[in-house]
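Scroll down for the structure; my scribbles are underneath it.
Note that ligands are numbered from 1 as they come in the structure, with each ligand's atoms numbered from 1 the same way. Numbers for residues simply follow the sequence, beginning at 1. Predicted model, so just to flag it, every value in this text is computed and none were measured.
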Amino acid sequence: MFEAPLGDDVFGEDPTVNRLEEYVAELLGKEAALYAPSGTMTNQIGVFVSTRRGDEVLLHEGAHVFVYEAGAPALLSAVQVRALPGEGGRISPETLRGAVRPENVHFPRSKLLCLENTHNTSGGRVYPLDDFAAAATAARGLGLKVHLDGARLFNAQAATGIPAREWCEHADTVSVCSSKGLGAPVGSLLAGDAETIGEARRVRKAFGGGMRQAGVIAAGSLYAFEHHEDRLADDHERAAKLADGLRDAGYSVDPPETNIVLIQVGEAERFLGALAREGVLATPMSATSVRFCTHLDIGDEEVEAAIGAAARITADAVQQ
Ligand SMILES: Cc1ncc(COP(=O)(O)O)c(C=O)c1O
């Protein structure tokens, strides 16, 4: 990052950003990619470029785009979202077909399906490639575009051995983050065909995401994509160890598929406060469940520390 050659990326003249965008486009099997400050922004640019005011976006009821992006589809794209149920973050072709609106003056136009892989709120579940292809094919057959929120797409690759680009084949736009398990400090990319990404560049400017000498941070993102994809498997192993330890400590734990471990607790906020006092940070997933996440900065020692802290909290709760 210190040595990155820099230029003005709003003019398309930052060589490090350009290298990163070309690298990620190639990696995902797309014509072009665009660097932006966050996964929220790349998702929301993805929503904007595939819809018009008053359209409807279909997604899973636990989707990040729906739950955790501050109402941005309504705020930025003036679209309506329709949240659909589905096991493990998946949307079946039948559910999708039942939800897409027929052409009629009364209805919003169904324009975009957003899928997420891995799926955060279901505990980092992989979207199986066949199921993903089936949902995307059904959507495209109904005239919808498909956006893939691949904030943790490389975790799906690490868990299955299937190259990330195979999921991308079934999506028109793909968002990926360098700042999650891949370990860069900041930065996400939106990939797609050259025309869509050209339009996305305008939208990024309008959303305030055009950054000048962005090569400083893009160098960290490039390093992450070039060097850290393979090490995601270590995070998965540590998540499995963490899950075993938490289960042994008496918690009800969903078996992790990737780097996210969900556990049930009596009261999430109280549990998290106690955990923070022990020096371990996690996030609430609901009023009664908590999410642990393993990543580049979490080693074996940290996993042991988290298990120890959680075990002491249960012991304290029992003593009360
Ligand atoms: C599935 C998913 N998509 C998108 C994002 C948004 O990324 P960012 O925090 O960079 O806005 C996250 C963040 O946790 C996420 O889990």
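A 6.0 Å sphere centred on CD of E26 holds no more than 12 heavy atoms belonging to other residues, nucleotides or ligands. Within 6.0 Å of atom CZ in R202, 12 or fewer heavy atoms from other residues, nucleotides or ligands are found, so the atom counts as exposed in its surroundings.
Distance from atom 11 (O) of ligand 1 to its nearest protein heavy atom, with residue and atom name: T40 OG1, 2.6 Å. The protein heavy-atom contact nearest to atom 6 (C) of ligand 1 is H64 CE1, 3.4 Å. Nearest non-hydrogen protein atom to atom 3 (N) of ligand 1 is D149 OD2, 2.7 Å.
Proximity of V65 to ligand 1, defined as any heavy-atom pair under 4.0 Å, is not found for any part of the residue. At a heavy-atom distance under 4.0 Å, only side-chain atoms of N120, from C-beta outward, approach ligand 1. For E116, every heavy-atom contact with ligand 1 shorter than 4.0 Å involves the side chain, none the backbone.
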Verdict with supporting geometry, R247 and D244, salt bridge (charged side-chain N to carboxylate O under 4.0 Å, His left out): CA-CA 5 Å; R247 202 176 295 110; D244 288 345; 3.1 Å; yes
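Nearest-heavy-atom check against atom 10 (O) of ligand 1 across A36, G187, G39 picks out G39.
In terms of modelled atom types and a separation under 3.5 Å, the side chain of Y251 and the main chain of A311 share no donor-acceptor contact.
Close approach of ligand 1 to N43 (heavy-atom distance below 4.0 Å) involves ligand atoms 3 (N), 4 (C). Using a 4.0 Å cut-off to heavy atoms of S38, the atoms of ligand 1 that qualify are 10 (O), 11 (O). Atoms of ligand 1 lying under 4.0 Å from any heavy atom of R152, numbered from 1 in the order shown and given with element: 1 (C), 14 (O), 15 (C), 16 (O). If you number the atoms of ligand 1 from 1 as listed, the ones under 4.0 Å from a heavy atom of A151 come out as 1 (C), 2 (C), 3 (N), 4 (C), 15 (C).
Pairs passing the salt bridge (charged side-chain N to carboxylate O under 4.0 Å, His left out) check and including a residue from residues 179-197, sequence neighbours excluded, do not occur.
Heavy atoms of K180 come nearer than 4.0 angstrom to ligand 1 in at least one pair.
No side-chain donor from either of H64 and E116 sits under 3.5 Å from a side-chain acceptor of the other.
Y223 and H228 have perpendicular rings, their planes meeting at more than 60° on a 0 to 90° scale where under 30° would count as parallel.
Between K111 and E56 there is no salt bridge, since no side-chain N of the basic residue sits under 4.0 Å from a carboxylate O of the acidic one.
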